Amino acid sequence: MAKKGRVFSGARPTGRQHLGNYLGAIKNYVKLQDDYECVYCIVDVHALTTVETTRDLIQNTYEMAVDWLAAGIRPGDSIVFVQSHVPQVMELHTYLSMVTPLGKLTDLPTFKEKVRDQPDNVNYGLLGYPVLMTADIVLYKSDVVPVGVDQAPHLEFARETVRSFNYRYNTKALIEPQMKNTEIPKVLGIDGVQKMGKSLNNHIELAATPEETRQRVMQMVTDPQRMKRTDPGNPDVCNVFSMHKVFSSAEEVQMINSECRTAGIGCVDCKKRFAENLNKHLEPFRARREEIASKPDTVWDVLHEGGKRARALADETMKEVREAMQLPA
Ligand code: SF4
């Protein structure tokens, strides 16, 4: 079947993935493969803007790739690779930086946020991050980028940068990517308050054992107003219920929705049910993960092969870019 176009998406190498990563990105990555030619990149260079040490970079890249593959990203169909394996992206980043007004970068809310987060490490890479992101997208002539509302300003920035470049050099070498508005659910951590994340240690790893998963689920914060078993609860404010809606059957969700409100079901039972359903859902993933992880070399082969395919696309784009810029051949 003819594909609708080429999708690009990148994610920083954060090691073993958790439920937030799965629901927020990976699940969508897998689905997009049916309709699009997909280019999925582990953006290790972007990670350098914030990491304090590169000690775990290789292992984190590997673990993330294993999870992606186990979740259903198909390297035969999609291009799965590591950003630094395609050095052309650094070159394009430099050329794009020449058509980027500095004020546009300093005005971006994400830059301001990072300056607040890491005031002692406001490096150039942090400022130029959206330019590198633009290079990532356009190097592979991607038509579509799936983004949530909070990332929309970055994609708009990328589109404007492409327009500036094409106008400056009177070319159509770069494609203005379209935004594929994607509903990226905000997955809360087991604390029920903050977004699920490793740094907050409020996450549930996809690769955790069934028992570890059960223990994490039992720690989940529920409706804070429900103090005793006999108190009626409010599933609308409960993170466990939000998760049931994703991983449990419609009948079970309906039952919990009404039984919680009348104290017919207690939180311990409710969480046990969720843990069971989640474990059942993750069973095939874990089996595939174990199989993939038993041959680490094949994971690197996938990434190297993906890098080769990505470099071939990059070479074509860079040839057009250099010609348009009238750089000496
Ligand atoms: S019974 Fe379930 S949905 Fe209701 S508050 Fe407890 S954990 Fe949440």
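We count ligands from 1, going down the list as the structure has it; atoms in each ligand are counted the same way. All of these numbers come straight from a predicted model, not from anything done at the bench. The first residue of the sequence shown is numbered 1, and numbering continues consecutively from there.
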(message) Show the atoms of ligand 1 that are less than 4.0 angstrom away from any heavy atom in D223.
(response) 5 (S)
(request) Fit a plane to each ring of F247 and F274, take the angle between them on a 0 to 90° scale, and name the class: parallel (under 30°), tilted (30 to 60°) or perpendicular (over 60°). (result) tilted
(request) Would you mind checking which non-hydrogen protein atom is closest to atom 4 (Fe) of ligand 1, with the distance to 0.1 Å? (result) C260 SG, 2.3 Å
(message) Looking only at protein heavy atoms, which one is nearest to atom 8 (Fe) of ligand 1, and what is the separation?
(response) C238 SG, 2.4 Å
(message) Once you restrict to heavy atoms under 4.0 Å, what part of R226 touches ligand 1? Side chain, backbone, both or neither.
(response) side chain
(message) Name the residue from R289, H18, R288 that meets the side chain to side chain donor-acceptor pair (under 3.5 Å) definition with D67.
(response) R289
(message) Counting neighbours of CD on Q118 that are heavy atoms of other residues, nucleotides or ligands and sit closer than 6.0 Å, is the number greater than 12?
(response) yes
(message) Could you tell me, atom by atom, which parts of ligand 1 come under 4.0 Å of a heavy atom of F241?
(response) 3 (S)
(request) Mark yes when over 12 heavy atoms from residues, nucleotides or ligands other than K27 sit less than 6.0 Å from its NZ; otherwise mark no. (result) no
(request) Check each atom of ligand 1 against the heavy atoms of V240 and keep those under 4.0 Å away; list them by number with element. (result) 7 (S)
(request) Out of P232, C270, G233, indicate the one that has the non-hydrogen atom closest to atom 2 (Fe) of ligand 1. (result) C270
(request) Determine whether the side chain, the backbone, both or neither of C267 has a heavy atom under 4.0 Å from any heavy atom of ligand 1. (result) both
(request) Could you find the nearest protein heavy atom to atom 7 (S) of ligand 1 and give me its residue, atom name and distance? (result) T222 CG2, 3.5 Å
(message) Quiz question: by atom type and distance under 3.5 Å, do the side chains of Q83 and D136 form a donor-acceptor pair?
(response) yes
(message) Under 4.0 Å between a side-chain nitrogen and a carboxylate oxygen: does that hold for R322 and E91?
(response) yes
(request) Give a yes or no on whether the ring-centroid distance for Y140 and F81 is below 6.0 angstrom. (result) yes
